[in-house]
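Any value given below was found using the heavy atoms of this structure, including those in side chains, with hydrogens, waters and symmetry copies removed. Proteins get letters first, then strands, A, B, ... in listed order; numbering begins at 1 in each.
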Amino acid sequence: MNSLLIILKKELKEVFRDKKSLSMMLIIPFMIPLIIIGMSALFNIETNKNINAYNNIGFNYELSSEEQKIAKDLNINVTYKTEKELKQDYDDGFINLYVTKNENTYILNGKTGDNTSYAIELVNTYFSKYKEYLQDKYLTDSNIDPDDVINIITVEENIKEKDNYFQNYILTYGFLFIIMAITVSSTYPATDATAGEKERGTLETLITFPIKSKDIILGKFLSVFISNLITGLLSFILYYISLIISGNTFKIYEGISLVLPAKTIIFILIVIVLYSLLIAGVCISVASKCKTFKEAQSALTPFTFLSLFPGMLAFMINIKSSLVLSMVPCLNFVLLFEDLMDGSLNVLYLVIMIASTIILIGVLLSVIIKQYKSEKIII
Amino acid sequence: MLTVRDIKKKFIKLEKNNKKSEILANDGISFTAKDGMILGILGPNGAGKTTLLRITAGIIEPTSGTVNYDELDFKNNEIEIKKNFAYLSGNTKIYNTVSAYELLKMCAEVYGVEKNKIEKRIEEISKKLKMDSFLYNRISSLSTGQTQRVNIARCLIHDPKYYILDEATSGLDIISSQIILDFIKEEKNRGKTILYSTHYMEEAENICDYVLMINKGKVVKEGTPDKIKKDTKTTNLRDAFFSVIGGVKNE
């Protein structure tokens, strides 16, 4: 049997029989549904917040009948008390905000907080409407048509929503978590197959076998790649299922489809394969230089964050894809994924992303083959 | 025949002050191990025995010098040579996630044992080393003695011509040590060449045909145990060694 296949078989046996490797490979993907469904639920709660949670507003003055009408229209529960009493009620959580009046100045009182923010928004709407009423009344009393003064020009909005914020957020973050899951699950088998084997003392025996060092390291590399691929595919399946569940469950996705089109699925699968190869190479290359399992784990931990960081950065500060950025690992995956969702994917960038990643994988492989030819690997 | 010529091995050591210093672990060692011979490499810890055996097994490369197996030089015939020897050290560990059977099967495949002969070979070795009761158990569940037998079985699976055994009995209990020593004697009787390093002088005296005493990377004395004792006018190899190096104080 081909030496490479023998080593691959041996390494896969070790991965699949080791509880830690197996749990890293199979359990981490199950974090993705928790994150996607959890985040969607959170967005949903925040966006569709029940008005009863923030509509108890205190006033230290009597509202006029018109003010009362506006408050009623906006579903505001009005409480009249002295400023001191209102403060106490606010501190005790009976009201969400209180308004004090000093001649023509109205002061909104409260402390920064989730419900207070919603209450401020509600009271600001109330005062806008009240201001409109006063302006209309003043002009009408002066025999002036309010539209001649207030609405001299008409502004209409004809802006189509490019994409739904939540949809974009959940799709991109879910995609980023697939990448992170692959990174996290890659570190354990890569460490175990290299530094772990060195520490356990089995590497010395392996080197005395009539197998080329190239076959030894390629066998290890492929086993880590297969383990990564399983994590990646499982993560993707769970990502997809979570999107469908979220799309059918939460109001924020009403009228939006979270079902991924075929080309997006193909893109994600390409990224999973490429990234699984890339991170397997990186992890083996780093872990091979370490003498102990612990040392290798410490050296690889930053990669978990590094794999996530460029993508998050791109998402947060709105970086756009370019020829150069298509060559930057991790960043290019996220940028092109966003382009694909926008419907603006540049095929040239896609080709550059694939080609640059393959070149990088090739370089990493030559580095690790060279590492295993050196006696430093055993000493 | 195994021929080792003028092996030198330098290691670079990084000192605490970041200065590099050279350590000469082997300094011009030569020997020939004839077919059917047990060649003992004796010396205290740090004498350079493990480095020498690691070079002979191709685990590390010498700074200079050559290693030839049956006229084949190691550098250009690595894979062919590796098929003809088995390496076992006191620190040798085996994969504990597999069963003894799976390990032996893997080793047989690695060494190119014909597919239709693998099962028979495992059966033979298993009987010989009394491994039947735990052949299909995971190695992690075996006792030290059983693990040692699996290790020996691993070495026997391809019926190699040469054995390189580096402190193979070091740290083992009396029963596990005896398993190894019996295995060495048996393989010698089958005409195999054995390179055996140890710091247990009595052990070497009992089983070695020829002895190489090394200290600080150099051969300080060589010959048959009887000749060394005669030359040094001592009654055992331990005294002979101290006689050669000038006593413990000189260390």
_Set out, in order, the CA-CA distance, both residues' side-chain angles and the distance that settles side-chain contact (heavy atoms from CB on, under 4.5 Å) for B:M106 and A:K9, then state yes or no._
CA-CA 9 Å; B:M106 183 192 98; A:K9 212 167 110 183; over 6 Å; no

_Close side-chain approach of A:S3 and B:V110, heavy atoms under 4.5 Å_ = no

*Just wondering, more than 12 heavy atoms not from B:E102 lying within 6.0 Å of its CD?*
yes

*Which of these passes side-chain contact (heavy atoms from CB on, under 4.5 Å) with A:P210: B:H158, B:E80, B:K83?*
B:K83

*Decide if atom CE of A:M31 counts as having more than 12 heavy atoms of other residues, nucleotides or ligands within a radius under 6.0 Å.*
no

_Under 3.5 Å: donor-acceptor pair, side chain of A:K212, backbone of B:I79_ = no

*Might you confirm whether atom NZ of A:K289 has over 12 heavy atoms from other residues, nucleotides or ligands at distances under 6.0 Å?*
no

_Leading residue by heavy atom contact count with chain A [cutoff under 4.5 Å; candidates B:Y95, B:Y87, B:F85]_ = B:Y95

_Interatomic distance, A:E204 atom CD to B:D166 atom CG [nearest 0.5 angstrom]_ = 7.5 Å

*Counting only heavy atoms not in B:K128, do more than 12 fall under 6.0 Å of its NZ?*
yes

*With chain B, which of A:K10, A:R200, A:K13 has the greatest number of heavy-atom pairs at distances under 4.5 Å?*
A:K10

*asked:* Could you go through A:I211 and B:K82, starting from their C-alpha distance and side-chain angles, then the distance that decides it, and tell me whether this counts as side-chain contact (heavy atoms from CB on, under 4.5 Å)?
replied: CA-CA 8 Å; A:I211 302 174; B:K82 281 181 172 177; over 6 Å; no

_Partner chain A: residue of B:R154, B:R138, B:E78 with the largest heavy-atom pair count (under 4.5 Å)_ = B:R138

_Testing the basics here: between A:R17 and B:T97, what is the closest heavy-atom pair and its distance to 0.1 Å?_
NH1-O, 3.1 Å

_Euclidean distance, B:N151 CG relative to A:T205 OG1, rounded to 0.5 Å_ = 7.0 Å

*Any chance you could measure A:T208, atom OG1, to B:I81, atom CD1, to the nearest 0.5 Å?*
13.5 Å

*Counting only heavy atoms not in B:K188, do more than 12 fall under 6.0 Å of its NZ?*
yes

